[in-house]
Amino acid sequence: MHELYTALAEYYDAIYRGRAERVKEEIDFVEEIFREDAGRRVSRVLDLACGTGIPTLELAERGYDVVGLDLHGEMLRIARRKAEGRGLSVEFLQGDALSINFEDEFDAVTMFFSSITYFDESAIKQLFNSVKRALRPGGVFIADFPAWHYSGRANPTVWDERKGEEGIVITDWRELEPAFQKLRFKRLVQIIRPDGSVRAFMVDDELNVYTPREMRLMAGSCFDDVRVYGNLKRDMGPRESRYWLVALKRA
Ligand code: SAH
């Protein structure tokens, strides 16, 4: 189920090359939320499900004191290597976001790139409670998640990338179960070596689909103030492709 974050961890940044190129814009937006929405000055940040550290290291680069946490050691190994290469000091911890046990420690908690959709309704409540506990008063939780029609993209979606000498061909198939609000995600990743030989990996994931209203209601039963914004602006349009949950702990 987690091949993308284990066997394919070394290929994650190449598969999502476009996203790594856009991360500065994302963190610009996150900093705007820190300034405009948070009830305290943000300096210490916990980045949950940090993966290979794409957003984590951008935050560190901008001077935040960042802790990254992820379930998979393979992803963290890459994140640590990148931090070292860029001369950044970030603490990376291996663990389950659902079992964090921080109290009053962070000015902000982040969870980027749809990672929050790994959690179903009951898990997400547990997540909200632990995140709120980890936050200092006035602290903010930020998580982005895709719009419902994300799954309505043409099936299959095929694209290719490169990593050094190797070619990567990615074929995605998404199937939505509207009644259960589950997105079944099947991905075939083919790694093609210069000699023409191929290694193939199957990724089989199940994600949860949430509407902005559902996210607002669920987060609202735990946090003191909840906003859902559209993509990269503190506002909401009728046709957003991605939403940003901003949940506040009272100052
Ligand atoms: N936030 C990163 C990575 C997103 S990929 C980015 O923006 O690039 C999703 C990540 O969630 C993977 O690295 C995976 O290992 C992690 N993950 C999945 N379930 C998790 C859990 N229960 N606790 C912590 N991390 C988890």
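When a ligand or atom number is given, it counts from 1 through the structure's own listing order.
Arg174 has its side chain within reach of Leu183: a pair of non-hydrogen atoms, C-beta onward, lies under 4.5 Å apart. Inter-residue side-chain proximity for Thr110 and Val45 is flagged as met; some heavy-atom pair is nearer than 4.5 Å.
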Ligand 1: protein N/O within less than 3.5 Å of ligand N/O:
unit_1   : atom_1 : unit_2 : atom_2 : d
ligand 1 : 1 (N)  : Ala49  : O      : 2.7
ligand 1 : 1 (N)  : Phe112 : O      : 3.3
ligand 1 : 7 (O)  : Arg19  : NH1    : 2.8
ligand 1 : 7 (O)  : Arg19  : NH2    : 3.1
ligand 1 : 8 (O)  : Tyr12  : OH     : 3.4
ligand 1 : 8 (O)  : Arg19  : NH1    : 2.8
ligand 1 : 13 (O) : Asp70  : OD1    : 3.3
ligand 1 : 13 (O) : Asp70  : OD2    : 2.7
ligand 1 : 15 (O) : Asp70  : OD1    : 2.6
ligand 1 : 15 (O) : His72  : ND1    : 2.6
ligand 1 : 22 (N) : Asp96  : OD1    : 2.9
ligand 1 : 23 (N) : Ala97  : N      : 2.8
ligand 1 : 25 (N) : Leu71  : N      : 3.3

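Put simply, the side chain of Lys82 never gets that close to the backbone of Leu57: no donor and acceptor are under 3.5 Å apart.
Tyr118 and Asp205 form a side-chain donor-acceptor contact under 3.5 Å, judged by distance and modelled atom types alone.
With hydrophobic clusters built from ILVMFWY side chains whose heavy atoms lie under 4.5 angstrom apart, Leu71 does not share a cluster with Val67.
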Under 3.5 Å, side-chain donor or acceptor atoms of residues 188-200 against the rest of the protein: list the pairs with distances, not counting sequence neighbours.
unit_1 : atom_1 : unit_2 : atom_2 : d
Arg193 : NH1    : Ser197 : OG     : 3.2
Asp195 : OD1    : Ser197 : N      : 2.8
Asp195 : OD1    : Ser197 : OG     : 2.7
Arg199 : NH2    : Tyr11  : OH     : 2.8

